[in-house]
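Heads up, the thing below is written out as structure tokens.
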Amino acid sequence: MAHIDFGGVVEEVITIDEFPLERAREVLKHETVAVLGYGVQGPGQALNLRDNGINVIVGQREGGGTWQRAVKDGWIPGKTLFPVEEAARRGTTIQYLLSDAGQVATWPRIKQCLDKGNALYFSHGFAITYKDQTHVIPPADVDVIMVAPKGSGTTLRRNFLEGSGINSSFAIFQDCTGRARERTLALGVAVGSAYLFPTTFEKEVFSDLTGERGVLMGCLAGVMEAQYNQLRKHGHTPSEAFNETVEELTQSLILLVAENGMDWMFANCSATAQRGALDWAPRFRDAVVPVFDELYRRVISGKETQRVLEANSAPDYREQLQKELKVIHDSEMWRAGATVRSLRPENRKPHGA
Ligand SMILES: NC(=O)c1ccc[n+]([C@@H]2O[C@H](COP(=O)([O-])OP(=O)(O)OC[C@H]3O[C@@H](n4cnc5c(N)ncnc54)[C@H](OP(=O)(O)O)[C@@H]3O)[C@@H](O)[C@H]2O)c1
């Protein structure tokens with residue numbers, strides 16, 4: 001374990017220098033890792049584990065397009081691909097990567113499939129932390145562990161294929177075998193984490209729910225729309241409003257932030273832009289504090305969980321979601337965005353094509 005200074009606070013971090021892949025293979029050599037669910041995280045983690053030489057099987061409900069996708073990825077029905085419960089019975093480590101609502105729905109059956117000494121692995125603290133709502137209460141004779149990649153399963157796989165990784169948090173909720181920690185770290189490394197930082201199930205889910213509702217997705221979408229609408233209200237064209245709101249951010253400025261931080265991005269903008277950004281950042285920060293306060297309260301009280309479980313377990317969940325996404329897709333702002341993207345030099349079709 002390395003001790004690394006994050007902005008003046010020293011934290012513990014596991015890198016592949018301390019826990020190399022060879023050690024992960026050694027720790028997992030007698031395990032059958034059953035990855036349940038083949039949505040977004042399932043394929044990323046299962047394929048990386050397989051390519052890293054771990055004995056892995058997939059559990060997926062039969063009959064739908066997802067099962068077919070697993071077959072296309074080389075999982076063999078009856079050999080490495082099974083219905084969810086059968087895979088859970090065959091596994092010694094059970095990676096519970098159904099959607100969070102799917103975990104709640106299947107738990108009464110999955111819990112019957114666990115044997116003493118198994119590891120029950122999550123990639124989110126959701127099911128365990130909100131146990132009063134999810135009713136996911138593991139038996140005392142299994143390890144309960146978490147590796148939560150901080151990014152999409154698609155990126156986890158893509159980075160792995162490119163030879164890099166993604167950072168993940170890890171936590172141990174229950175250690176019945178005395179091996180929970182080494183199992184967790186081994187799995188963390190083998191699923192393709194570049195480094196792992198410790199957390200708890202509770203902290204992971206509170207920060208994750210806040211982040212995705214906040215800056216990562218919800219807040220970002222909201223402030224973009226507000227600025228676009230403001231510019232349109234004052235007679236700016238859709239192309240101008242979109243370019244000044246989204247395109248310049250995604251194509252230029254956020255890449256500079258990713259590379260070297262906010263101050264470096266500011267330093268590489270005009271003096272006019274810098275002055276304005278430095279003056280206005282505190283105004284926006286202070287304006288959203290009450291919203292973040294409310295958000296965090298709702299996260300820890302379980303209200304956000306209730307909302308997710310109710311919405312995602314509705315029988316017409318997918319149709320409703322498609323409707324909501326279509327409203328965004330068909331809006332002027334995002335139609336303008338599609339046109340702006342099509343005009344990027346790399347996307348432009350030759351004239352007349
Ligand atoms: N998305 C990410 O990149 C990401 C990132 C970090 C952590 N996580 C965590 O990783 C876990 C998996 O998330 P995900 O986004 O990969 O999930 P997802 O894409 O929504 O997973 C869907 C999977 O769950 C199955 N499923 C859903 N409801 C089911 C039910 N009632 N019975 C049987 N199977 C059911 C689906 O089967 P069908 O296709 O047949 O419906 C599919 O295999 C979650 O705990 C999530 O919070 C996700």
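Both ligands and their constituent atoms are indexed starting at 1 by order of listing.
- The aromatic rings of Phe284 and Trp280 are tilted relative to each other, their planes meeting at an angle between 30° and 60°.
- Between Phe206 and Tyr296, the two ring planes are perpendicular [angle over 60°; tilted spans 30° to 60°].
- When each of Thr15, Val147, Asn167, Ile14 is checked for a side chain to side chain contact (heavy atoms under 4.5 Å, CB included) with Ser193, only Val147 meets the rule.
- Using cut-offs of 30° and 60° on the angle between ring planes, the pair Phe201 and Phe173 is tilted.
- Within the 4.5 Å cutoff, the side chain of Leu231 has heavy atoms near those of the Thr245 side chain.
- Aromatic ring centres of Tyr38 and Trp67 lie farther apart than the 6.0 Å criterion allows.
- Listed by chain and number, Gly37, Tyr38, Gly39, Val40, Gln41, Gln60, Arg61, Thr66, Leu97, Leu98, Ser99, Asp100, Gly102, Gln103, Ala105, Thr106, Ser123, His124, Pro149, Gly151, Ser152, Gly153, Arg318 each place a non-hydrogen atom less than 4.0 angstrom from ligand 1.
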